[in-house]
Amino acid sequence: MSIDDGDRVRIFDTTLRDGEQAPGCSMTLREKLRVATALAELRVDVIEAGFAAASPGDFESVRAIASEIEGPAVCSLARCNPEDIEKAWKAVEPAEKPRIHVFVATSEIHRTHKLNMAKEEIIQSATGAIRMARQFCDDVEFSPEDASRTELPYLAEVVTAAVEAGARTINIPDTVGYTVPGEFYELFRYLKEHVPGIDDVVLSVHCHDDLGMAVANSLSAVRGGARQVECTINGIGERAGNCSLEEVVMALKTRREYFGVDTGLDTTRLYPTSRLVSSITGIHIPRNKAVVGENAFAHEAGIHQHGMLKHASTYEIMRPEDVGISRSNLVLGKHSGRHAFRDRVRELGFDLDDFELNRAFQEFKKLADRKKELYDADIEALILNAEGTAPGPWVLEVLNVNSGTSSTATASVRLRHENGDCPEEAAVGDGPIAAACQAVERITGIHLVLRNFDLRSVTKGEDAQGEATVTVEYNDVTFRGHGVSTDIVEAGALAWLEVTNRIIRRQQSGLEIIPAPDAGEIATI
């Protein structure tokens, strides 16, 4: 890899590895491919697609992404042992630009309480792994886990050995979100001064947000010489999450005169990608989230509105269009035609083929009969949920509910099967949504255990759509489903049915539904 572009910061996205390790963020293979495609369109440099040795499912998803995604390097994480490295290579081998990322803990607390290894043993483990990985591919990255709590002289010794062993990228992780910006800057300057050959590799940074400083620490590392930032969409990840990709990218772009570097990303893809990941994971974006939150470009205070009318730069340091947010919020209705709908979809950052566009337009017309006006968020919700919805075999035909403060909630449901059958069942529940879901279970025979039910309003107004997200368990495996409707009971039933269809399709394909091993403890850097 040529390191002659010192004013370029590479973006290493680990949404599909570190981000997916966050509770409730697990994704199906189809969902991972959708996210990977969006990341490629965003033009990230590296996609860490998973931890291939964690499970057969992880291996298959990494290999599928390596086979299908073009543009970014595709990377798999691996511990410093031969089995992990071999699996990582087999998974990323089809990639246009494969990368193997090996790691071992180096801090005193990890050496004593987790690894029970001496300093020299850790160095030998790291260098042996790097040399083995280099036999498979040239692009090898090394991470000294918990680097921010490692003694600086020893950290420099480990990094020196890793560079000599052939690592092309050296990543310095703040694994537990412990460091602070000034301290982290000094750590990078120390390595630049004390590691021979450090200028011949790419220095990388990987920060967690336990103290709310992941972005600030990553930016300090860039000032200290880092030329790769490891981050996730919406900052998702273990515990408090990771450095937020959209925030660090826009900080570097907005303050380019200060940092003197650029990322090369297509920042107009930030908002659509953020919404996609939010829809898939079920983790909603806070309204006040920097860069991509609903309030990021909203101004309510009178003095702010007055300034904005005079000149946008008075209170906006970024243009909403730069991150892919359209300002027009065009109102569409039932008389709007296909061309107006298609143009709006494109302006919102979605690239649909004719089949997907026709399906979305049909859903749009159905919704237009139930709502007076449709807004951008309505269209986004239609497309995102339609793309992620598992196909049949069951479709909701009729839903009737009855509930009140002095009566038990009841629901009657009629489903249509792809074979033409239209069975109907009724059920009672603690509320109308519970009753509707129990009626669905009676028809399909798939009994789910609800772990979380989340409901949010897609837009404002009395006729706003409600987006329901359910997290359920089936055979000790966690599934997540989404449903959108102007009727929140219907939205809940649709989310329940979406999970049911996914399980049935997996059973029909002969795929076992078994819990994956917990790789969280072994895949943390």
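- Phe184 CZ to Arg189 CZ: the interatomic distance, rounded to the nearest 0.5 Å, is 14.0 Å.
- In this structure, Leu155 and Leu191 have side chains that are in contact, with non-hydrogen atoms separated by less than 4.5 Å.
- Residues Asn171 and Ser143 bring a donor and an acceptor atom of their side chains to less than 3.5 Å of each other.
- Neither side chain, Asn217 nor Thr179, offers a donor N or O lying under 3.5 Å from an acceptor on the other.
- For residues 237-260, the set of pairs meeting the ring-ring contact (aromatic ring centres under 6.0 Å, His included) definition, not counting sequence neighbours, is empty.
- Looking at Glu467 and Gln465, their side chains never bring a donor and an acceptor atom within 3.5 Å of each other.
- With salt bridges taken as basic N to acidic carboxylate O contacts below 4.0 Å, one links Arg99 and Glu141.
- At distances below 3.5 Å, not a single donor-acceptor pair connects side-chain atoms of Thr15 with backbone N or O atoms of Gly19.
- The two residues Ala156 and His194 come nearest to each other via the heavy atoms CB-CB, 4.4 Å.
- Remark: Ile525 CD1 to Thr175 OG1 distance equals 6.5 Å, nearest 0.5 Å.
- Residues Asp13 and Leu245 form a side-chain contact, since some pair of their non-hydrogen atoms from C-beta on lies under 4.5 Å apart.
- Atom CD1 of Ile109 is surrounded by 12 or fewer heavy atoms from other residues, nucleotides or ligands within 6.0 Å.
- Between Arg79 and Glu145 there is no salt bridge, since no side-chain N of the basic residue sits under 4.0 Å from a carboxylate O of the acidic one.
- The nearest pair of heavy atoms linking Ser220 to Tyr185 is O-CD1, 3.6 Å.
- Listed by first and then second residue, the salt bridge (Lys or Arg N to Asp or Glu O under 4.0 Å) pairs involving residues 43-56 are Arg8-Asp45, Arg17-Glu48 (not counting sequence neighbours).
- Within the structure, every pair that satisfies the salt bridge (Lys or Arg N to Asp or Glu O under 4.0 Å) test and touches residues 250-261, not counting sequence neighbours, is listed here: Arg255-Glu257.
- Ile65 places a side-chain heavy atom less than 4.5 Å from the side chain of Leu16.
- There is a side-chain donor-acceptor pair under 3.5 Å between Thr106 and Thr150.
- Between Lys87 and Arg63, every side-chain heavy-atom pair lies at or beyond the 4.5 Å cut-off.
- The closest donor-acceptor contact from the side chain of Ser278 to the backbone of Ile283 lies under 3.5 Å.
- Within the 4.5 Å cutoff, no side-chain heavy atoms of Val202 are placed close to those of Arg168.
- With sequence neighbours left out, the ring-ring contact (aromatic ring centres under 6.0 Å, His included) criterion links Tyr154 to no other residue.
- Looking at residues two or more places apart in sequence or on another chain, you find a side chain to side chain donor-acceptor pair (under 3.5 Å) between Asp266 and Thr268.
- Summarising the geometry, atom CH2 belonging to Trp496 is positioned 5.0 Å from atom CG belonging to Leu448; distances are rounded to the nearest 0.5 Å.
- Between Arg319 and Asp322 there is a salt bridge, with a side-chain nitrogen of the basic residue lying less than 4.0 Å from a carboxylate oxygen of the acidic one.
- When all heavy atoms are compared, the tightest approach of Asp84 to Phe51 is OD2-CZ, 3.6 Å.
- In terms of the side chain to side chain donor-acceptor pair (under 3.5 Å) criterion, residue partners of Glu108 (sequence neighbours excluded) are, by chain and number, Thr112.
- Using a cutoff of 4.0 Å between basic side-chain nitrogens and carboxylate oxygens, Glu498 and Arg502 are scored as salt-bridged.
- Taking Thr28 as the reference, Glu31 meet the side chain to side chain donor-acceptor pair (under 3.5 Å) condition, with sequence neighbours excluded.
- Nearest heavy-atom pair, Ile488 versus Gly466, reported as atom, atom and distance to 0.1 Å: CG2-CA, 4.4 Å.
- Between the side chains of Gln228 and Thr169, not a single donor N or O lies within less than 3.5 Å of an accepting N or O.
- Among residue pairs with one or both ends in residues 65-77, none qualify as salt bridge (Lys or Arg N to Asp or Glu O under 4.0 Å); sequence neighbours excluded.
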In residues 284-293, what donor-acceptor pairs under 3.5 Å come from side-chain atoms, sequence neighbours left out?
unit_1	atom_1	unit_2	atom_2	d
His284	ND1	Arg456	NE	3.4
His284	NE2	Asp454	OD2	2.6
Arg287	NH1	Glu294	OE1	2.9
Lys289	NZ	Ser244	OG	3.1
Lys289	NZ	Glu246	OE2	2.7
Lys289	NZ	Glu247	OE2	2.8

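- Contact check on Asp174 versus Arg149 returns no salt bridge, with no Lys/Arg side-chain nitrogen under 4.0 Å from an Asp/Glu carboxylate oxygen.
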Q.
Set out, in order, the CA-CA distance, both residues' side-chain angles and the distance that settles side-chain contact (heavy atoms from CB on, under 4.5 Å) for Val205 and Glu230, then state yes or no.
A. CA-CA 6 Å; Val205 58; Glu230 306 197 359; over 6 Å; no
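- By the 4.5 Å heavy-atom criterion applied to side chains, Ile172 and Phe188 are counted as neighbours.
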Q.
salt bridge (Lys or Arg N to Asp or Glu O under 4.0 Å), that's the test. Do Asp209 and Arg239 meet it? Break it down for me.
A. CA-CA 8 Å; Asp209 207 34; Arg239 304 185 312 279; over 6 Å; no
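- Counting heavy atoms from C-beta outward, Thr500 and Ile503 have side chains that stay 4.5 Å or more apart.
- Scanning all heavy atoms of the two residues, the minimum distance from Thr254 to Ile317 falls at CG2-O, 3.6 Å.
- Trp89 has its side chain out of reach of Ser76: every pair of non-hydrogen atoms, C-beta onward, lies at least 4.5 Å apart.
- At a threshold of 4.0 Å, the pair Lys32-Glu20 counts as salt-bridged, since one of the basic side-chain nitrogens sits closer than that to a carboxylate oxygen.
- Identified under the ring-ring contact (aromatic ring centres under 6.0 Å, His included) test for residues 206-249, with sequence neighbours left out: His206-His208.
- Across His110 and Asp146, no two heavy atoms sit closer than the pair CD2-OD2, 3.2 Å.
- Partners of Arg346 according to the side chain to side chain donor-acceptor pair (under 3.5 Å) rule, which considers only residues two or more places apart in sequence or in another chain, do not exist here.
- With sequence neighbours excluded, the residues that form a side-chain contact (heavy atoms from CB on, under 4.5 Å) with Thr37 are Glu41, Ile69.
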